[in-house]
Amino acid sequence: MAQDHDSHDRHDHHHHDHDHDHPHGSELSPMDLRVRALESILVEKGYVDPATLDTLIETYETKVGPHNGARVVARAWVDPAFKARLLQDGSAAMRELDVGGRGGEHMVVVENTPEEHNLVVCTLCSCYPWPVLGLPPVWYKSPPYRSRAVIDPRGVLAEFGTVLPAETRIRVWDSTAELRYMVLPMRPPGTEGLDEAALADLVTRDAMIGTGLPLSPDQGARA
Ligand code: FE
């Protein structure tokens, strides 16, 4: 639940981004250069097959992303039995839809209701449910979001343009390497006639983090 300090020493620390300016004439960032250097050494020494690396990168670029989470949410909206399984064991239910993998082994899905809105953060670093949401947005990893989401969740939501009724409680979930949370947003009104695919189009990444809400049907009808 919120603020599980015991698990902090077991956090992932894969995302130590350092965005400095480097006026050194190279178009590649220092991080890019390091990655390239590392890649060539690994390939040279025969530790990795370049084709495997390409597959891995392609996976993260095309197969892994918020569309996976959106499919899960849309299914939960149309299938109450699936929704029950999803809330009981997120990872197992997601596997039914072929969603899962590294970083998604222990997914906990928290349901928004008129009474309670859920917001996901990782206060220590950037633990994030990659298999369902892809790579985390920059703000998710930023210190202001990580600290203020806990101290002033309603203020943070307002900055995202998400204003909830005053009587709606906001519950903040602190992700760890072991437990990653995804929000099941409420199905928007006026979507009774939509099929599962059309519903999935309304489910944004931010709606599954809790900083946003799903699109309404007219917003979702993208040309
Ligand atoms: Fe983390």
Exercise for the section: Say whether Val43 and Ile41 are linked into one hydrophobic cluster, either directly or through other cluster members, by side-chain heavy-atom distances under 4.5 angstrom. Expected result: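 No, Val43 and Ile41 fall in different hydrophobic clusters.
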Practice task
Examine Val183 and Met186 and state if one hydrophobic cluster contains both, with Ile, Leu, Val, Met, Phe, Trp and Tyr joined whenever side-chain heavy atoms are less than 4.5 Å apart.
Solution key: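 Looking at the clustering, Met186 is in a separate group from Val183.
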Give the minimum heavy-atom separation between [X] and [Y], together with the two atoms involved.
X      : Y      : answer
Leu86  : Ala76  : CD2-CB, 4.0 Å
Arg146 : Val150 : O-CG2, 4.1 Å
Pro188 : Trp77  : CD-CH2, 3.6 Å
Ala149 : Val121 : CB-CG2, 3.9 Å
Pro217 : Gly190 : CG-O, 3.4 Å
Pro153 : Ile170 : CB-CG2, 3.7 Å

Exercise for the section: Please lay out, stage by stage, how Val108 and Val110 fare under the test side chain to side chain contact (heavy atoms under 4.5 Å, CB included). Expected result: CA-CA 6 Å; Val108 173; Val110 287; 4.3 Å; yes
What distance do [X] atom [atom1] and [Y] atom [atom2] have between them, rounded to the nearest 0.5 Å?
X      : Y      : atom1 : atom2 : result
Arg154 : Leu119 : CZ    : CG    : 11.5 Å
Thr162 : Asp206 : OG1   : CG    : 7.5 Å
Leu164 : Leu213 : CG    : CG    : 6.0 Å

Residues 88-97, side-chain donor-acceptor partners within the protein, below 3.5 Å, at least two apart:
residue, atom, partner, partner atom, Å
Asp89, OD1, Ser91, N, 3.4
Asp89, OD1, Ala92, N, 3.2
Ser91, OG, Gly104, O, 3.0
Ser91, OG, Glu105, O, 2.8
Ser91, OG, His106, N, 3.4
Ser91, OG, Met107, N, 2.7
Glu96, OE1, Arg85, NH2, 2.9
Glu96, OE2, Arg85, NE, 2.7

Handout entry: Arg36 atom CZ, neighbour heavy-atom count above 12 within 6.0 Å
Key = no
Handout entry: Matching residue for Met208 among Val120, Leu133, Val72, Leu184 - test: side chain to side chain contact (heavy atoms under 4.5 Å, CB included)
Key =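 Of the listed residues Val120, Leu133, Val72, Leu184, the side chain to side chain contact (heavy atoms under 4.5 Å, CB included) partner of Met208 is Leu133.
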So, do [X] and [Y] sit near enough that their side-chain heavy atoms are less than 4.5 Å apart?
X      : Y      : answer
Val203 : Asp201 : no
Tyr181 : Cys122 : no
Leu194 : Leu202 : yes
Tyr140 : Cys127 : no
Val73  : Pro185 : yes
Tyr145 : Ile209 : yes

Handout entry: Lys83/Glu111 under side chain to side chain contact (heavy atoms under 4.5 Å, CB included): CA gap, chis, key distance, verdict
Key = CA-CA 10 Å; Lys83 177 177 150 182; Glu111 183 188 16; 2.5 Å; yes
If the condition is side chain to side chain donor-acceptor pair (under 3.5 Å), which residues does [X] pass it with, not counting sequence neighbours?
X      : answer
Arg75  : Glu196
Asn112 : His117, Asn118
Arg205 : none
Arg148 : Asp152, Glu159

Is [X] reaching over with its side chain to a backbone N or O of [Y], donor-acceptor style, under 3.5 angstrom?
X      : Y      : answer
Thr168 : Pro114 : yes
Ser147 : Pro143 : yes
Thr204 : Ala207 : yes

Practice task
Could you tell me whether Arg180 sits above the aromatic face of Trp173, with NZ or CZ closer than 6.0 angstrom to the six-membered ring centre and within 45 degrees of the axis?
Solution key: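 No, a cation-pi geometry is absent between Arg180 and Trp173.
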Problem - Side chains of Ser216 and Gln219, donor plus acceptor under 3.5 Å - result: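 Distance-only check passes for Ser216 and Gln219.
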Problem - Under the ring pair (Phe, Tyr, Trp, His ring centres under 6.0 Å) test, residues paired with Phe160 that sit two or more places apart - result: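 Phe160 satisfies ring pair (Phe, Tyr, Trp, His ring centres under 6.0 Å) with Trp139 once adjacent residues are dropped.
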